[in-house]
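Everything below concerns the one structure shown next.
Proteins come first, then strands; the chains are lettered A, B, ... in the order of their sequence lines, and each starts at number 1.
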There are 4 protein chains.
Amino acid sequence: MPPEDADVLHGKGPAMGAVLAGAEPRNTLFTGSQRVAEKLALDLRGKVFLEDAGFDWKVLGPDVADVDYVAWQCDQDAYACSGQKCSAQSMLFAHNNWVKAGLLEKLKSRAASRQLSDLTIGPVLTWTTDAILGHTKRLLEIPGAKLLWGGRPLTGHTIPQCYGAVEPTAVSVPLAALADAGAFEAATTEVFGPFQVVVEYEDSELQLVLDALERMSHHLTAAIVSNDPKFLQHVLAHTVNGTTYAGLRARTTGAPQNHWFGPAGDPRGAGIGTPEAIRLVWSCHREVIYDYGPAPDGAKLKTT
Amino acid sequence: MPPEDADVLHGKGPAMGAVLAGAEPRNTLFTGSQRVAEKLALDLRGKVFLEDAGFDWKVLGPDVADVDYVAWQCDQDAYACSGQKCSAQSMLFAHNNWVKAGLLEKLKSRAASRQLSDLTIGPVLTWTTDAILGHTKRLLEIPGAKLLWGGRPLTGHTIPQCYGAVEPTAVSVPLAALADAGAFEAATTEVFGPFQVVVEYEDSELQLVLDALERMSHHLTAAIVSNDPKFLQHVLAHTVNGTTYAGLRARTTGAPQNHWFGPAGDPRGAGIGTPEAIRLVWSCHREVIYDYGPAPDGAKLKTT
Amino acid sequence: MPPEDADVLHGKGPAMGAVLAGAEPRNTLFTGSQRVAEKLALDLRGKVFLEDAGFDWKVLGPDVADVDYVAWQCDQDAYACSGQKCSAQSMLFAHNNWVKAGLLEKLKSRAASRQLSDLTIGPVLTWTTDAILGHTKRLLEIPGAKLLWGGRPLTGHTIPQCYGAVEPTAVSVPLAALADAGAFEAATTEVFGPFQVVVEYEDSELQLVLDALERMSHHLTAAIVSNDPKFLQHVLAHTVNGTTYAGLRARTTGAPQNHWFGPAGDPRGAGIGTPEAIRLVWSCHREVIYDYGPAPDGAKLKTT
Amino acid sequence: MPPEDADVLHGKGPAMGAVLAGAEPRNTLFTGSQRVAEKLALDLRGKVFLEDAGFDWKVLGPDVADVDYVAWQCDQDAYACSGQKCSAQSMLFAHNNWVKAGLLEKLKSRAASRQLSDLTIGPVLTWTTDAILGHTKRLLEIPGAKLLWGGRPLTGHTIPQCYGAVEPTAVSVPLAALADAGAFEAATTEVFGPFQVVVEYEDSELQLVLDALERMSHHLTAAIVSNDPKFLQHVLAHTVNGTTYAGLRARTTGAPQNHWFGPAGDPRGAGIGTPEAIRLVWSCHREVIYDYGPAPDGAKLKTT
């Protein structure tokens with residue numbers, strides 16, 4: 001691209017907003033927080049593509065296999081980069097077959113092995129330690145909730161107080177408790193840090209899980225861990241996340257860079273990663289029809 | 001589609017607006033006026049696809065041929081269905097070579113032949129006779145403007161006063177006059193009736209024509225009448241209309257139903273007519289990645 | 001298509017061959033027997049697309065479910081239309097889990113219920129009764145082979161002797177016997193009638209099954225009946241049939257008309273059923289690059 | 001690709017032929033001479049993709065412009081790399097408007113400026129000097145043919161006699177002479193060196209030009225030099241070359257590497273240069289249909 005075809009502006013949001021208001025751009029792609037995304041959607045009268053938030057879940061199906069591998073993947077999805085990925089696993093729905101198979105113990109052990117010295121755990125940029133621990137405490141007030149691991153500040157460090165520094169944390173919340181709107185709102189608040197909610201379920205409760213998935217907003221990415229085609233079919237058919245991994249190796253993070261990544265069903269949602277996504281977001285369809293002739297004798301054509 | 005998969009509601013706009021506000025639909029396709037379209041874009045926070053207005057122009061290039069055919073097509077584009085098509089020709093930029101070749105006389109003659117008795121002219125649903133004649137008068141106040149033909153009410157009919165009944169009308173406006181913002185706004189106001197503005201230009205004035213095209217809003221459809229590839233290239237490269245016909249047979253209306261029809265560059269714009277358009281408006285991309293294994297030994301995988 | 005754009009010739013093969021030799025067509029699509037297909041490939045120096053024979057197999061994997069449904073589908077695939085479909089199931093590889101689950105009894109019962117009175121069995125056009133029974137006898141001479149059901153002429157009918165009239169028939173052949181080239185040739189000869197070969201296998205013998213599938217020619221259609229993704233992956237990865245159904249409901253016949261049907265890997269193979277197939281067989285890619293200019297000053301360009 | 005997935009064999013043709021005969025490959029891509037290509041098509045019973053010869057033409061239309069540029073491009077197409085490209089311009093059909101505009105003088109001047117010292121002319125690998133001059137002499141025996149330029153050996157060099165060393169050469173052949181089969185065969189014999197045939201034509205003779213183009217074999221690449229859309233349409237509609245440049249800047253050689261290059265209409269023809277071409281030649285369509293269920297109750301399904 002010729003350098004003169006691009007302008008780079010650096011400044012605060014309000015200044016940028018004033019520029020946009022004056023320029024009346026035909027199209028704007030925004031990457032950032034959900035709050036600003038929604039403001040821009042209004043200010044620009046919907047002429048936007050948005051890359052904003054996602055609350056990403058994983059469902060472990062009834063068929064158990066490769067427990068060590070799944071434990072490693074779950075730990076990576078929740079805590080790698082201290083959970084600071086837009087694709088991080090925020091809520092884990094675990095069929096009780098997996099709990100019986102010892103998955104939670106393996107996850108706890110993986111979490112306990114994370115330490116500052118090798119940066120397998122580290123500072124959180126956008127949530128302070130107090131905010132994360134306060135959110136943990138709020139979740140633990142949900143009836144039946146319990147702390148599975150973590151929930152304590154990191155020690156022996158010099159991370160400034162404007163950042164967060166907590167142990168990898170998991171809070172178990174009963175599936176039934178999610179029926180309460182307040183509890184649901186709390187449990188599905190995205191923490192951009194090493195924090196996840198674990199929800200156990202049994203065969204007879206799958207519909208309740210699907211109901212919870214439907215009620216979430218920002219259906220970005222998700223994972224369904226199962227090699228049972230009928231289970232996969234059923235959960236895929238009743239969910240709407242834009243990028244969904246299915247199969248025993250399903251993950252939410254660390255995806256290869258060669259597939260579509262984006263929400264589904266929101267006309268403002270920006271996909272990335274494939275030529276189709278780039279065309280959709282950065283370009284558009286324009287139809288030019290050439291019609292050179294020959295032409296019939298116009299003098300003989302009737303006015304209609 | 002199973003009948004129970006669709007709901008059909010019939011009612012006034014405010015009632016429908018209340019339904020939408022309550023339902024919070026993931027996506028809404030709206031077909032109708034620009035005013036309501038913009039309101040919905042705000043009410044639904046940009047989660048819309050819009051089929052609304054278009055102000056459609058035709059440029060006749062310097063190479064003259066098939067004058068009778070082009071005259072017939074221009075007459076059809078401006079006045080068929082009494083100009084009541086979203087694709088009707090509202091502004092005709094005519095290179096003076098076409099004027100010298102007698103195009104305007106042929107257009108005037110075609111217009112004069114339209115009559116109520118065979119419905120080649122008829123009632124206008126959304127503009128009254130007074131409104132159309134008032135708009136005509138307003139345009140004639142632009143310095144240099146002149147009435148080319150029409151500008152009179154139809155006679156000898158019983159069309160109710162709530163509709164419009166005027167002769168096919170054309171007002172010539174000087175290209176230079178379009179530099180004035182008020183004149184430009186008046187000249188580019190869409191009349192959903194048998195009305196067009198004619199603007200002559202010379203070789204040296206092509207850039208002024210392109211400037212006028214750029215300043216219009218709602219770049220829906222357009223036509224560039226020329227068989228000179230370099231002229232076509234130049235005008236196509238400097239305009240943005242979504243569906244543009246190019247070549248001596250170019251038209252704005254009466255297109256076959258097998259190509260994309262829609263605006264370009266507006267992320268809210270709804271295309272119609274092709275599988276791609278239907279996918280874009282009525283469906284969406286969802287990416288499901290299957291990853292069944294085999295999996296490596298998870299116990300040996302490092303926490304990162 | 002204008003009628004004058006097509007010529008329809010009706011005649012014997014040699015006459016048609018002479019027409020083709022004289023016309024030197026750029027491309028020929030042939031539908032018919034393998035013998036004539038191969039002759040045309042030589043006569044026309046490879047400028048052909050061929051729709052010819054297929055020897056279609058089905059593999060039942062280790063996971064057993066929906067036995068009644070799978071029995072019904074196997075019976076349909078082998079014997080509907082008296083087995084006279086290019087997609088008919090000619091060889092059934094059954095994991096012994098299915099045998100233990102009673103699949104063969106169910107198949108035998110289905111076969112026994114077929115009768116001339118309701119045309120669930122009927123005349124065979126291209127194989128006589130003697131030819132089918134002779135082929136059956138030849139297979140029964142393979143060491144370990146046994147008749148599972150059928151193998152007798154139909155009675156009480158007036159079907160002329162130039163056609164075939166036999167009971168739905170299945171011959172069991174040991175997997176190990178297929179290692180013999182003569183036995184393999186006999187067992188994989190396509191009978192265009194109500195005839196199939198059944199081969200049992202155990203977990204440890206899957207590689208022998210894959211070897212047999214690889215040695216077959218004319219890899220047209222196939223079915224892998226299993227809902228185990230890893231089993232499907234493994235068999236799909238080691239076979240090359242062009243159209244392969246996978247999953248517990250997999251079939252070889254009765255496919256809906258909306259997908260590609262054709263061989264894979266043979267550059268002469270003609271696909272049918274989709275726009276891609278039609279483009280490939282009936283049309284071709286032609287690339288036209290328009291380059292109108294502007295051109296630089298040629299007088300200044302260097303000769304190289 | 002893992003190194004063990006490829007075998008590289010180096011040897012003479014008969015040895016390679018024996019390997020192919022023994023291996024019975026599912027598919028073979030051959031790049032080389034037309035003679036071997038046709039032999040392989042037979043030996044491998046049509047299971048081939050062929051990249052072989054092309055006899056490439058250029059037609060200059062009636063509209064003349066940018067004469068210097070077109071002269072430069074024609075000179076490049078015919079003589080760059082001493083004409084040793086599969087896309088080199090072998091026959092130039094020039095409308096007499098171009099001849100009147102002095103194109104041939106400009107071409108002659110360009111040709112005369114080519115010299116060994118800067119390698120704008122050089123040795124020919126596959127035709128000796130005698131063979132090229134003999135072919136020139138043969139063409140000059142066609143009634144009305146004349147030497148336009150060249151036709152002499154290069155001097156003052158040490159190029160061995162097994163190679164060719166001739167001046168850039170053009171022979172003019174009357175269009176009418178091409179009606180003779182022998183003259184046509186001679187004039188359309190591809191010389192892989194700095195040699196071209198020039199054929200003049202007038203408006204009334206366009207059909208004769210099209211007839212000649214149709215009678216050529218190996219319709220690989222071509223160029224139509226005109227900015228008149230109707231002329232382009234007409235010539236494109238009556239020719240079949242696979243890769244055709246159209247427009248005043250049309251060329252046969254030096255194409256950018258981003259478009260399809262290959263013949264049209266020969267099912268054995270191998271395209272190169274685009275993902276579609278690679279898929280067509282190096283891969284194939286295979287259709288896998290997953291059908292996991294749920295299944296209806298098979299016991300209730302009717303035998304048909």
Exercise. Would you call the rings of B:H285 and A:W260 parallel, tilted or perpendicular, where under 30° means parallel and over 60° means perpendicular?
Worked result: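 The rings of B:H285 and A:W260 lie parallel, inter-plane angle below 30°.
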Need one label for [X]: side chain, backbone, both or neither, based on atoms under 4.5 Å from any heavy atom in chain A.
X	answer
B:I121	neither
B:A80	both
B:S109	neither
B:D75	side chain
B:L119	neither
B:V225	neither
B:F49	side chain
B:K106	neither
B:S113	side chain
B:V288	both
B:D118	neither

Top contributor to chain B interface from [options] [non-hydrogen pairs under 4.5 Å]:
options	result
A:V281, A:T28, A:L236	A:L236
A:P294, A:G262, A:A223, A:C81	A:P294
A:T243, A:T274, A:L44	A:T243
A:A41, A:A71, A:G293	A:G293
A:D66, A:L248, A:T304	A:T304
A:D297, A:N27, A:L301	A:L301

Please state whether the side chain, the backbone, both or neither of [X] comes within less than 4.5 Å of a heavy atom of chain B.
X	answer
A:Q73	neither
A:L50	neither
A:P25	neither
A:L40	neither
A:D43	neither

Identify the two heavy atoms, one from [X] and one from [Y], that lie closest to each other, and give their separation to 0.1 Å.
X	Y	result
B:L116	B:G122	CD2-CA, 3.9 Å
A:S226	A:G61	CB-CA, 4.3 Å
B:P263	B:G269	CG-CA, 3.7 Å
A:R26	B:P267	O-CD, 3.4 Å
A:H238	A:E214	O-OE1, 4.4 Å

If you count heavy-atom pairs under 4.5 Å with chain A, which of [options] comes out on top?
options	answer
B:V70, B:L280, B:V240	B:V240
B:R251, B:H259, B:K300	B:H259
B:A264, B:G242, B:A246, B:G46	B:A246
B:E287, B:E38, B:E276, B:Q76	B:E287
B:D68, B:T120, B:D291	B:D291

For this session: May I ask you to decide whether A:R268 forms a salt bridge with A:D266, counting only side-chain N to carboxylate O separations under 4.0 Å?
Result: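 A:D266 and A:R268: salt-bridged.
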Taking the side chain as C-beta and beyond, is there a heavy-atom pair between [X] and [Y] under 4.5 Å?
X	Y	answer
B:L92	B:L107	yes
B:Y292	A:L232	yes
A:I224	A:F231	yes

Exercise. Does B:Y79 use its side chain to pair, donor to acceptor, with the backbone of B:C74 at less than 3.5 Å?
Worked result: no
Exercise. How many angstroms lie between OG1 in B:T252 and CG in B:D77, if you round to the nearest 0.5 Å?
Worked result: 3.5 Å
For this session: Quick one: list whatever passes side chain to side chain contact (heavy atoms under 4.5 Å, CB included) with A:A101, sequence neighbours left out.
Result: A:V64, A:V67
Exercise. For residues B:D56 and B:S87, is any side-chain donor paired with an opposing acceptor at under 3.5 Å?
Worked result: no
For this session: Count the heavy atoms of every other residue, nucleotide or ligand shown that sit under 6.0 Å from NZ of A:K39, and state whether that count exceeds 12.
Result: no
Problem set entry | Residues, nucleotides or ligands: over 12 heavy atoms within 6.0 Å of A:K108 NZ | no
